[in-house]
Amino acid sequence: MQKMDKPVIVCIFGAAGDLAQRKLVPALYNLYLDNAVPEHFAIIGLARKVDHGPFKEQMHTAVDTFSRRGKVDPERWEHFAQNLSVIDGEFTDPEMYRKLAQDIQNYEKQWAAKADHVYYLSIPPGLIGNVITQLDKAKLSKDRSRDRVVIEKPFGRDLESAEALNKLVTSAFDECQVFRIDHYLGKETVQNILAFRFANALFEPIWDRRYIDHVQITVAEEVGVEKRGGFYETAGALRDMIQNHLLQLLCMVAMEPPVSFEADEVRSKKVDVLRAIRPIDPGEVYKCAVRGQYGAGYFQGTQVAGYRQEPNVSPSSSTETFVALKLFVDNWRWQDVPFYLRTGKRMPVKSSQISIQFKPVPHLMFPGSSADHWEPNRLTINIQPKEGILLRFQAKQPGKGLRLKTVNMDFFYEDSFTVQAPEAYETLLWDVMQGDGTLFMRADQERVAWTTIMPVLDVWSKTPSADFPNYPAGTWGPEAAEALIARDGRSWHAPALGNM
């Protein structure tokens, strides 16, 4: 990352919250250590009942705890903290925004230069409208080239609420000023999908329905809902993960080659993919979608509670913690190639990966005795925990006779690059400060993503599941998820671990 020339002021609404402490401030500190922020740089936190002294101490502890570099260097922290301040107040109070405008003006007067302003809304969804309205009234959103707002997911709860929120946001900010963030798109391996596909001549010619049998995208989490039960009860896995993370990964795999790497060109290609997804018939939801909720079980030898026993969760909750979905992209490249998506909490391992299985060779000339177990060629893109790419193919075993074995050709970031990869939020915050929207959701993309899942969401909301909980914690989800893919003569690929 190159150092920026233009002054930047990052204003974090909800600066005392979990996201700011675990991700945002540690990310900004690491950007500072990497010399990626401009000489004139400031962070203004906005929160309730927080004073300057305790706020700086709180942020010091947060960076010590969550930074990828470990504990801070006291001298470097002292210099960084000089640019850190806080405004105490209520997000609905115009006085907070008057103080914010004054602080911004003071910094710019001190620097003798105009700054870019980033308003990061690290706040509950219900407060977004208030903050946007107040920023507009305080005339803090008017400069198209310098004012930017960052909005965390979930962006709405359904298509209707997302469109209402978009209308509100774009009444104060132009679309080019709005950065809808999905932290998955900041991960190095996700970005590397574009480089892998479009910077190499090997794979793009076979990246279509002629050679690919199907695609699997899995995002598995070991944890339950932890302390987020209240939020999760209003969301569920379909809204929380499928609508954004997994559909974004699908777009990266399925998109057509962009003409250039300009932000709108790349995002338009993603929108094209979403628009090509075959609409789900509400009467056919049961054939292409499976939901689950974890019950009590064992994880790594320790008994854990079921979802309904988690804090702030209804004992009769019908909220899904697992989703499996089969989608088709109806275009020339992908016609009739199924995309299987699954995500769940309390899975056996933490893993995010994309698995692309190729069709078998058209004629198998080798005798059946040459292989005990024949596997199709498979390309696996591992996003976490160990970032890398693996290709499985057949090779002859050493020795007399012809014996074939499936072997791996792999690449891992940690083995190939000596530089430690930045965290996703570091990449995304740097892009926001640069004004680069390539990795962020555009309004039309958000709208089509909601349109894709709304038939499932509507059917599930009208017919609560009668068999929850339907998978024990520490397992790979309900049996119906296995049946979903087994009906097509396929099976889920176990997430690749260790050396993949």
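Because only heavy atoms are used, hydrogens play no part in the values below, and waters and symmetry mates are left out as well, while side chains stay in.
- For the pairing with Glu175, the salt bridge (Lys or Arg N to Asp or Glu O under 4.0 Å) check across Arg148, Arg180, Arg442 returns one residue only, Arg180.
- Judged by distance alone, with hydrogens and angles left aside, the side-chain atoms of Gln293 form a donor-acceptor pair with the main-chain N or O of Ser317 at under 3.5 Å.
- Nearest heavy-atom pair, Arg291 versus Pro478, reported as atom, atom and distance to 0.1 Å: O-CG, 3.9 Å.
- Salt bridge Arg333/Glu204: present, at least one basic N to carboxylate O contact under 4.0 Å.
- Cation-pi check for Lys345 over Tyr294 is not met; the charged atom does not lie both under 6.0 angstrom from the ring centroid and within 45 degrees of its normal.
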Using the side-chain contact (heavy atoms from CB on, under 4.5 Å) rule, take Val337 and Val329 through it: C-alpha gap first, then chi angles, then the decisive distance, then the call. CA-CA 7 Å; Val337 175; Val329 177; over 6 Å; no
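- Leu185 approaches Leu428 most closely through the heavy-atom pair C-CD2, 4.5 Å.
- Ion pairing of Arg239 with Glu320 is absent here, as no side-chain N (NZ or NE/NH1/NH2) approaches a carboxylate O to less than 4.0 Å.
- In this structure, Arg447 does not pair ionically with Asp444, as no charged nitrogen and carboxylate oxygen lie closer than 4.0 Å.
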Given the rule in the side-chain contact (heavy atoms from CB on, under 4.5 Å) test, do Trp207 and Val253 qualify, once you have shown the distances and angles that lead to the verdict? CA-CA 9 Å; Trp207 206 266; Val253 173; 4.1 Å; yes
side-chain contact (heavy atoms from CB on, under 4.5 Å) assessment of Gln216 paired with Ile485: CA-CA 10 Å; Gln216 295 184 24; Ile485 194 169; 3.7 Å; yes
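- Glu233 contributes a side-chain N or O that, together with a main-chain N or O of Ser314, makes up a donor-acceptor pair within less than 3.5 Å.
- Salt-bridge check for Arg69 with Asp34: passed, with a basic side-chain N closer than 4.0 Å to an acidic carboxylate O.
- Under the 30°/60° scheme for interplanar angles, the aromatic rings of Tyr425 and His183 are found to lie parallel.
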